[in-house]
Every structure is written in structure tokens, then in C-alpha cells.
Enquirer: 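Sharing a structure, written as C-alpha cells. Questions coming.
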Amino acid sequence: MLRGRAIAVVIPAYNEADKIAATIRSIPGFVDHVIVVDDGSADATAAAARRVARRASGRGAGRGGGRRVEVVVHAAAVMAGDGQMDPADLPRLLAPVLGGEADYAKGNRLGWPGGWRHIPPVRLLGNLVLSYLTRLASGYRRLLDTQSGYTVAARPVLALLTAEPFFPRYGYPNDVLIRLGAAGARVVDVPVRPIYGPTWRSGLRPARVALPLLRLLARAVARRLSAHAAARRLPAPAGAAPAARLPLEQP
């Protein structure tokens with residue numbers, strides 16, 4: 001536990017057999033639950049994750065494999081299975097959520113001192129363009145690095161986000177921010193260290209993901225503009241309550 005709160009880390013992994021064990025071992029000791037989600041890997045990712053779990057728990061491989069996992073936590077973080085996210089940054093991401101200052105915290109590699117120098121140029125350009133469009137679509141005008149998947153969500157946010165399927169693949173973080181913006185959730189950027197080692201590889205295929213992602217953002221921008229236009233046409237009733245905000249409740 002951290003500050004008396006139960007913490008989970010979810011690790012999505014796709015063909016990360018050579019990295020998943022090191023990623024799991026790097027998770028800080030205060031984390032209560034580590035959940036590895038094998039996204040249909042064609043390699044031995046699942047087997048490697050089970051070996052680490054067997055050594056850690058002594059309960060044997062495959063215990064609970066393939067079943068729905070439900071745990072009770074106060075906050076849940078997402079860390080990639082490829083080792084691109086520094087576990088040392090996790091306490092900083094958890095701090096505003098556990099402290100009641102935010103409902104959702106996301107990593108900002110561009111906010112790390114000199115962080116932009118470590119991001120491959122093509123990735124950096126795409127990130128800047130998508131960050132601008134996502135700010136328009138979500139209403140979070142000050143957020144940067146919207147493509148960062150290093151995040152922490154408070155328990156009420158988890159219920160909101162899991163109510164319906166996410167936009168697939170690389171549009172997932174943009175879809176999350178759009179949903180949070182519609183719900184009035186408090187979202188903060190937290191500087192995190194970018195990690196791109198010599199063996200880094202990208203599964204991104206721009207031609208395949210660009211158009212669906214741009215359509216997602218265009219629809220969200222259109223909805224926001226329409227909502228603003230409608231709000232300007234309708235006068236607020238006397239004594240109207242302020243806009244609803246997603247509450248952060250930590251029993």
C-alpha cells in the first residue's frame with residue numbers, strides 16, 4: 001500500500017517475451033496487485049509473465065489464468081510491458097490522485113527536462129499534432145503528450161472508463177481523455193522520463209491508424225463545438241448549479 005491505499009498496476013503486453021519479466025520485477029514494492037494483460041501475443045509473453053508470478057507467489061503457473069480478475073483498489077496505474085516507463089515515476093503520478101487533487105494523472109514526457117530530445121523525431125511530430133487536436137476535442141487545453149500511456153486513475157474514474165469499450169490501439173489515450181473531459185474529471189500532467197533504448201521498436205503503422213484516429217478526434221471536436229453553441233443560445237436559469245465534476249472519493 002501507499003499512504004494506506006491499495007494500488008494496482010496493469011501491464012498491457014503484446015509480443016514482449018524478452019521484456020515482460022524485467023518490467024514485472026521493476027514494479028515498486030508498495031503496489032498491491034500487478035495484472036498483466038496479454039494482448040494476443042504470438043510469442044511467449046504469457047509464459048514469461050507466469051514464470052515471474054510463480055516465483056513471486058509460489059502458487060504455481062496458470063493459477064487463475066484466463067479468468068476475469070477483479071480486485072478492489074483506490075487507484076490503478078497503467079505501465080507498458082516493454083520497459084518504456086520508469087517505475088521511479090510512479091509515486092509522482094499517484095501523488096495527485098491519492099492526495100485528492102486529481103481524478104486522473106497522465107505522464108508527460110515533453111515536460112521532463114530535455115525529454116523531447118529522447119523521443120524519435122517522427123514520434124515527436126505526431127505527438128505534437130495529436131496533442132493539439134486532443135486538447136480541442138477533450139477541452140483540456142493545457143495538457144501535453146496526450147499519447148502517453150503512463151497513467152493513474154482513481155477508483156470512480158475506473159468505473160466511468162470501463163462502462164463501454166475503448167477506441168482500439170493507438171487511439172486509446174485520446175478516447176480516454178475525451179471521455180474524461182465530457183465527465184468533467186480533473187486531469188493533470190506529471191513529467192515522466194522518456195525511455196527509448198537502442199532496441200526500441202515501434203508497431204505503429206501511420207497509414208493504418210491515422211484516419212480512424214482523426215475521425216475520432218473530428219467527431220469529438222464537432223460535439224464540443226455543438227454543445228458550446230447550444231449553451232450560448234440557452235440562457236442559464238437563475239441559481240443554476242455549477243457544472244458537475246467527477247467526485248474523488250477515497251474511503
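One-based numbering along the sequence shown.
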Enquirer: Are the side chain of Ser26 and the backbone of Thr23 linked by a donor-acceptor contact shorter than 3.5 Å?
Expert: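 Yes, because the side chain of Ser26 sits within donor-acceptor range (under 3.5 Å) of the backbone of Thr23.
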Enquirer: Closer than 3.5 angstrom, by distance alone: can the side chain of Lys106 be matched with the main-chain N or O of Gln147 as a donor-acceptor pair?
Expert: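 Absent.
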Enquirer: Would Ile11 and Ile24 count as a side-chain contact (heavy atoms from CB on, under 4.5 Å) here? Give the steps.
Expert: CA-CA 8 Å; Ile11 305 176; Ile24 296 172; 4.1 Å; yes
Enquirer: Would you check if Tyr104 and Thr151 make a side-chain contact, meaning some heavy-atom pair closer than 4.5 Å?
Expert: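 Of all side-chain heavy-atom pairs linking Thr151 with Tyr104, at least one is under 4.5 Å.
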Enquirer: Between Val78 and Val152, is there a side-chain heavy-atom distance shorter than 4.5 Å?
Expert: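 No. Closest side-chain heavy atoms not under 4.5 Å.
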Enquirer: Check whether Ser41 reaches the backbone of Asp43 with its side chain - one donor and one acceptor, N or O, closer than 3.5 Å.
Expert: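 Looks like no, no N/O pair under 3.5 Å.
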Enquirer: Hey, what do you get for CD1 (Ile20) to CZ (Arg25), rounding to the nearest 0.5 Å?
Expert: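 Going from the CD1 atom of Ile20 to the CZ atom of Arg25 covers 10.5 Å.
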Enquirer: For Phe166, is there any backbone N or O sitting under 3.5 Å from a side-chain donor or acceptor partner on Asp175?
Expert: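 The answer is no, because no donor-acceptor pair under 3.5 Å joins these two groups.
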Enquirer: Between the main-chain N or O of Ala6 and the side-chain N or O of His74, is there a donor-acceptor pair closer than 3.5 Å?
Expert: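 Yes: the side chain of His74 pairs with the backbone of Ala6.
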Enquirer: Does Tyr140 use its side chain to pair, donor to acceptor, with the backbone of Gly181 at less than 3.5 Å?
Expert: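 Yes; judged by distance alone, with no hydrogens or angles, the pair exists.
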Enquirer: For Leu124 and Trp116, work out which heavy atoms get closest and say how close.
Expert: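 For Leu124 and Trp116, the tightest heavy-atom pair comes out as CD2-O, 4.0 Å.
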Enquirer: Going by ring pair (Phe, Tyr, Trp, His ring centres under 6.0 Å), name the residues that satisfy it together with Tyr132, two or more places apart in sequence or in a different chain.
Expert: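 Ring pair (Phe, Tyr, Trp, His ring centres under 6.0 Å) check on Tyr132 returns nothing, list empty.
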Enquirer: For Ser148 versus Pro173, what's the shortest heavy-atom pair and its separation?
Expert: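 Answer, listing the atom of Ser148 first, then Pro173: O-CB, 4.1 Å.
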Enquirer: For Ala48 and Ala17, work out which heavy atoms get closest and say how close.
Expert: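 Nearest pair, atom of Ala48 first, then Ala17: CB-O, 3.9 Å.
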Enquirer: For Asp189 and Gly107, work out which heavy atoms get closest and say how close.
Expert: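 Scanning both residues, the minimum pair turns out to be OD1-O, 4.3 Å.
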Enquirer: Grab the two heavy atoms, one from Ala13 and one from Gly81, that are nearest each other, plus how far apart they are.
Expert: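 Smallest heavy-atom distance, with atoms named: CB-CA, 4.5 Å.
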Enquirer: Could you check if a side-chain atom of Ile119 sits within less than 4.5 angstrom of a side-chain atom of Arg109, using non-hydrogen atoms only?
Expert: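 In short, these two side chains touch, coming nearer than 4.5 Å.
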Enquirer: Are the side chains of Asp103 and Val97 in touch, meaning some heavy atoms are under 4.5 Å apart?
Expert: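 Side-chain contact under 4.5 Å: no.
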Enquirer: What's the spacing between Leu94 CG and Leu2 CG if we round to 0.5 Å?
Expert: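 Between atom CG of Leu94 and atom CG of Leu2 there are 6.0 Å.
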Enquirer: Shortest non-hydrogen contact from Arg135 to Arg141?
Expert: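 Here Arg135 and Arg141 meet closest at CD-O, 3.0 Å.
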Enquirer: With side-chain contact (heavy atoms from CB on, under 4.5 Å) as the test, would you mind laying out the steps for Leu180 and Leu160 before giving the verdict?
Expert: CA-CA 8 Å; Leu180 293 175; Leu160 169 72; 4.0 Å; yes
Enquirer: Check this for me: does any side-chain nitrogen of one of Lys19 and Asp82 sit under 4.0 Å from a carboxylate oxygen of the other?
Expert: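 No, Lys19 and Asp82 are not salt-bridged.
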Enquirer: Asp38 vs Tyr14, test: side-chain contact (heavy atoms from CB on, under 4.5 Å). Steps then yes/no.
Expert: CA-CA 6 Å; Asp38 180 13; Tyr14 177 70; 5.7 Å; no
Enquirer: Do Leu217 and Leu130 come within less than 4.5 Å of each other through their side chains, counting heavy atoms only?
Expert: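 When only atoms from C-beta onward are counted, Leu130 and Leu217 do touch, with a gap below 4.5 Å.
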Enquirer: Give the C-alpha distance, both sets of side-chain angles, the deciding distance and a yes or no for side-chain contact (heavy atoms from CB on, under 4.5 Å) between His33 and Val73.
Expert: CA-CA 9 Å; His33 306 282; Val73 297; 3.7 Å; yes
Enquirer: So, Asp32 side chain and Ile7 main chain: donor-acceptor pair closer than 3.5 Å or not?
Expert: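 Checked: pair present.
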Enquirer: Using the side-chain contact (heavy atoms from CB on, under 4.5 Å) criterion, which residues pair with Arg193? Sequence neighbours excluded.
Expert: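 Arg193: side-chain contact (heavy atoms from CB on, under 4.5 Å) contacts with Asp86, Asp89, Trp112, Ile195.
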Enquirer: Check Leu128, Asn174, Asn108 against Thr146 for a side-chain contact (heavy atoms from CB on, under 4.5 Å) and give me the one that passes.
Expert: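 Per the side-chain contact (heavy atoms from CB on, under 4.5 Å) rule, the option paired with Thr146 is Asn174, out of Leu128, Asn174, Asn108.
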Enquirer: With Phe30, which residues qualify under ring pair (Phe, Tyr, Trp, His ring centres under 6.0 Å), at least two apart?
Expert: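 Partners of Phe30 by the ring pair (Phe, Tyr, Trp, His ring centres under 6.0 Å) criterion come out as none, since no residue qualifies.
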